[in-house]
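In what follows, every heavy atom counts, from backbone to side chain, and hydrogens, waters and symmetry copies are set aside.
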Amino acid sequence: MSWQFEPVGIIHSCFAEKFAIPRQPLLAPAATATLELLPPYDQPEALEGLEGVSHLWLLFVFHAAGHGSKHLRVRPPRLGGNQRIGVFASRATHRPNPIGQSVVRLDGIVDGRLQLSGVDLLDGTPVLDIKPYVPYADAVEGAVNPLAPTPPAPIAVHWQTEALQQAQAEQQRLEQPLVTLVEQCLAQDPKPAYQQPDASREYGVRFWDVNVRWHYPAPNQICVLGVSRA
């Protein structure tokens, strides 16, 4: 059997690239997005009752993930990128079908668009369905996952003085919490888990239309080197 699905909406997010997106939702509360609904779901009737809901489940398509042969085992970043486990024990983007799920905060509804935060979704992500978070059913007391028992420990993020000034200027222009977003995302250590960074190597990523550059002066420390308009 096979099915064909059509998206109900498209994500417009702060993440212009896959690199540096937090590997789980809500790890970067400053990460914002707008969910634009597509016809016929762009009508007010489709959103009735969401006014008092704080969080949503989004089912989406990994539209920018590589696709190839079917993977029975994957190497999740949480385990260092070298240890293999079964695909169904991981949330890796290599799925039997390229479908993901995220729980995000609903900050408001403006002109029929959902204002979201705490997202881990690439700009342009197609959304297949929206479901309200139900606390008594979705927050399972005593739930256990020995492969990911706690959030990853953040690493320290520092700024060169000029880079911070550049970020503050772009933050004012964008009217978005760019400084906090950079700190929250980089604290998740976006480089591949198996990679040992050289202090001379620079990394970069784009948030909205802003390029951010950094390096690792020490293995567990990041220093932001520069922020510039893309």
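- With hydrophobic clusters built from ILVMFWY side chains whose heavy atoms lie under 4.5 angstrom apart, Leu225 does not share a cluster with Leu186.
- Scored by the salt bridge (Lys or Arg N to Asp or Glu O under 4.0 Å) test, Arg213 finds Glu202 as partners (sequence neighbours excluded).
- With sequence neighbours excluded, the residues that form a salt bridge (Lys or Arg N to Asp or Glu O under 4.0 Å) with Arg173 are Glu170, Asp209.
- The closest donor-acceptor contact from the side chain of Asn97 to the backbone of Ile99 lies at 3.5 Å or more, if one exists at all.
- Between the side chain of Gln184 and the backbone N or O of Ala30, at least one donor-acceptor pair lies under 3.5 Å.
- The two residues Ile222 and Pro190 have their closest heavy-atom pair at CD1-CD, 4.4 Å.
- No donor-acceptor pair under 3.5 Å is formed between the side chain of Gln160 and the backbone N or O of Val224.
- Taking the ring centre of Tyr203 as origin, the terminal cationic atom of Lys191 falls outside the region bounded by 6.0 Å and 45° from the ring axis.
- By the 4.5 Å heavy-atom criterion applied to side chains, Phe60 and Ile11 are not counted as neighbours.
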Which side-chain N or O atoms in residues 113-124 pair as donor and acceptor under 3.5 Å with protein atoms at least two apart or in another chain?
{"from": "Gln115", "atom 1": "OE1", "to": "Thr34", "atom 2": "OG1", "distance (Å)": "3.2"}
{"from": "Ser117", "atom 1": "OG", "to": "Asp107", "atom 2": "OD1", "distance (Å)": "3.4"}
{"from": "Ser117", "atom 1": "OG", "to": "Asp107", "atom 2": "OD2", "distance (Å)": "2.8"}
{"from": "Asp120", "atom 1": "OD1", "to": "Ser102", "atom 2": "OG", "distance (Å)": "2.6"}
{"from": "Asp120", "atom 1": "OD2", "to": "Ser102", "atom 2": "OG", "distance (Å)": "3.4"}
{"from": "Asp123", "atom 1": "OD1", "to": "Ser13", "atom 2": "N", "distance (Å)": "3.0"}

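- Think of Val110 as one node in a network of Ile, Leu, Val, Met, Phe, Trp and Tyr side chains linked at under 4.5 Å; it has no links at all.
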Side-chain donor/acceptor pairs under 3.5 Å, residues 35-55, sequence neighbours excluded:
{"from": "Glu36", "atom 1": "OE1", "to": "His12", "atom 2": "NE2", "distance (Å)": "2.7"}
{"from": "Glu51", "atom 1": "OE1", "to": "Gly49", "atom 2": "N", "distance (Å)": "3.0"}

Identify each donor-acceptor pair in which a side-chain atom of residues 130-157 lies under 3.5 Å from a protein atom, sequence neighbours left out, and give them as a table.
{"from": "Lys131", "atom 1": "NZ", "to": "Asp129", "atom 2": "OD2", "distance (Å)": "3.1"}
{"from": "Asp138", "atom 1": "OD2", "to": "Trp57", "atom 2": "NE1", "distance (Å)": "2.8"}
{"from": "Asp138", "atom 1": "OD2", "to": "Val134", "atom 2": "N", "distance (Å)": "2.8"}
{"from": "Asn145", "atom 1": "OD1", "to": "Leu147", "atom 2": "N", "distance (Å)": "3.0"}

